[in-house]
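Everything numeric here is computed off the predicted structure, so don't read it as measured data. Naming: A, B, ... by sequence-line order, numbering from 1 per chain.
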Amino acid sequence: MMKLAKNPLRSEAELIERTQGIEGLSFLQLASFLGLSLPSDPLKRKGFIGKAIELALGTTAGSKSMPDFCNLGIELKTLPLNHLGKPAESTFITTIPLLTIHHQAWKTSHCYAKLKRVLWIPIEGSNDLPFADRRIGRGLLWSPSKEDEEILEKDWVLLTSMIATGLLQEIDASVGEYLQIRPKALNGKSLCYGFDESGGKILTMPRGFYLRSSFTGKLLSGRQ
DNA sequence: AAGTGATCATAA
DNA sequence: TTATGATCACTT
């Protein structure tokens, strides 16, 4: 039976234990345990289960730019799967401070901090299933392999150097093997500052790093 | 069906 | 506006 997580986690083992406590629950069951009601409007459900699972597992980062379980350095991500058991969506990692990203290095980047250790929670993501009936799968505590890390770093270095040198407008979602950059905004009218080719500031769309679903699919099928 | 661009909700 | 949580919707 699931318990509400109120105390900070002390170990990965404890996190796994809590994760097992929500495995197999439907979205409706999880919401009931938490005393929440499910949003009826599909457009208002985005992120709902992610937040609910955070509540259930007791994350500590809040809205800070840190992994969800701060003291353990673990990031929590839900991973919606389609009817074939493959990721239905890319995975958002972090927003990109376009004017200051060049001050970061891969190993000290926000992106790496969130990718070096991830608790993946697969969830049923097919729109054929009623939202309330979709279930939570078995969590996977994961770190990138050496090969994964090399490719992630290569992507990150390429993408951030394009941002820093004013090639923002050349970046679309097709750039990057595992990582990609896509808009991350309230809507098309949202703007923030970035650099142009001559180092001047331009108004542009806020962006974020995402993991391609081909990559998350690979990591998921690699579990034992 | 997959990939890319656009958008929804909420807190501080 | 920033961050958090993502999925929707259109194009290919």
Worksheet item: Is the closest side-chain donor-acceptor distance between A/Y210 and A/K184 under 3.5 Å?
Response: no
Item to complete: Please report the closest heavy-atom contact between A/A164 and A/F195, naming both atoms and the distance.
Response: O-CD1, 4.5 Å
Worksheet item: Do A/L129 and A/L28 sit in the same hydrophobic cluster, where Ile, Leu, Val, Met, Phe, Trp and Tyr count as joined when their side-chain heavy atoms come under 4.5 Å apart?
Response: no
Practice prompt. Give a yes/no answer on whether the side chain of A/Q180 brings an N or O atom under 4.0 Å of OP1 or OP2 in B/dG3.
Written response: no
Discussion item. Applying a strict under-4.5 Å side-chain criterion to I, L, V, M, F, W and Y, I'd like to know whether A/I171 and A/I202 cluster together.
Written reply: no
Discussion item. Minimum heavy-atom separation for A/M66 and A/E75, please, with both atom names.
Written reply: O-OE1, 4.0 Å
Worksheet item: Taking the inter-plane angle between the rings of A/W106 and A/W156 on a 0 to 90° scale, is it parallel (under 30°), tilted (30 to 60°) or perpendicular (over 60°)?
Response: tilted
Item to complete: Could you check which residues of residues 67-80 of chain A get a heavy atom under 4.0 Å from DNA chain C? Sort them by number, please.
Response: A/D68, A/E75, A/K77, A/T78, A/P80
Worksheet item: Using a cut-off of 4.0 Å on non-hydrogen atoms, how would the nucleic acid contact of A/T95 be classed: base, sugar-phosphate, or nothing?
Response: base
Worksheet item: Side-chain contact, heavy-atom cut-off 4.5 Å: A/I96 with A/I181?
Response: yes
Worksheet item: Looking for any heavy atom pair under 4.0 Å, which part of the strands does A/I53 touch: base, sugar-phosphate only, or nothing?
Response: nothing
Practice prompt. Over all heavy atoms of both residues, which pair between A/T204 and A/G194 is shortest? Give the atoms and the distance, please.
Written response: CG2-N, 4.1 Å
Practice prompt. State whether A/F131 and A/R45 meet the cation-pi test: NZ (Lys) or CZ (Arg) under 6.0 Å from the six-membered ring centroid, and within 45° of the perpendicular axis.
Written response: yes
Worksheet item: Quick one: how far along DNA chain C does chain A reach, first to last nucleotide 5' to 3', anything under 4.0 Å to a heavy atom?
Response: C/dT1 to C/dA9
Discussion item. Side chains of A/K201 and A/Y193: any donor to acceptor distance under 3.5 Å?
Written reply: no
Discussion item. Using a strict threshold of under 4.0 Å (side-chain N to carboxylate O), is an ion pair present between A/K51 and A/E54?
Written reply: yes
Discussion item. Under the side-chain hydrogen bond (donor to acceptor under 3.5 Å, both in side chains) definition, can you give me all pairs with a residue in residues 78-91 of chain A, not counting sequence neighbours?
Written reply: A/S90-A/R182
Worksheet item: Could you write nucleotides 5-12 of chain B as a row of B, S and -, 5' to 3', where a protein heavy atom under 4.0 Å of any base atom gives B, of only sugar-phosphate atoms gives S, and otherwise -?
Response: BBBBS---
Worksheet entry | Upstream residue (5' side of DNA chain C) when A/T91 and A/S190 are each assigned their closest nucleotide | A/S190
Worksheet entry | Terminal axis angle for the helix from B/dA1-C/dT12 to B/dA12-C/dT1, five pairs an end, nearest 10 degrees | 30°
Practice prompt. Mind jotting down which residue pairs meet the salt bridge (charged side-chain N to carboxylate O under 4.0 Å, His left out) criterion with at least one end in residues 151-168 of chain A? Sequence neighbours excluded, please.
Written response: A/K154-A/E177
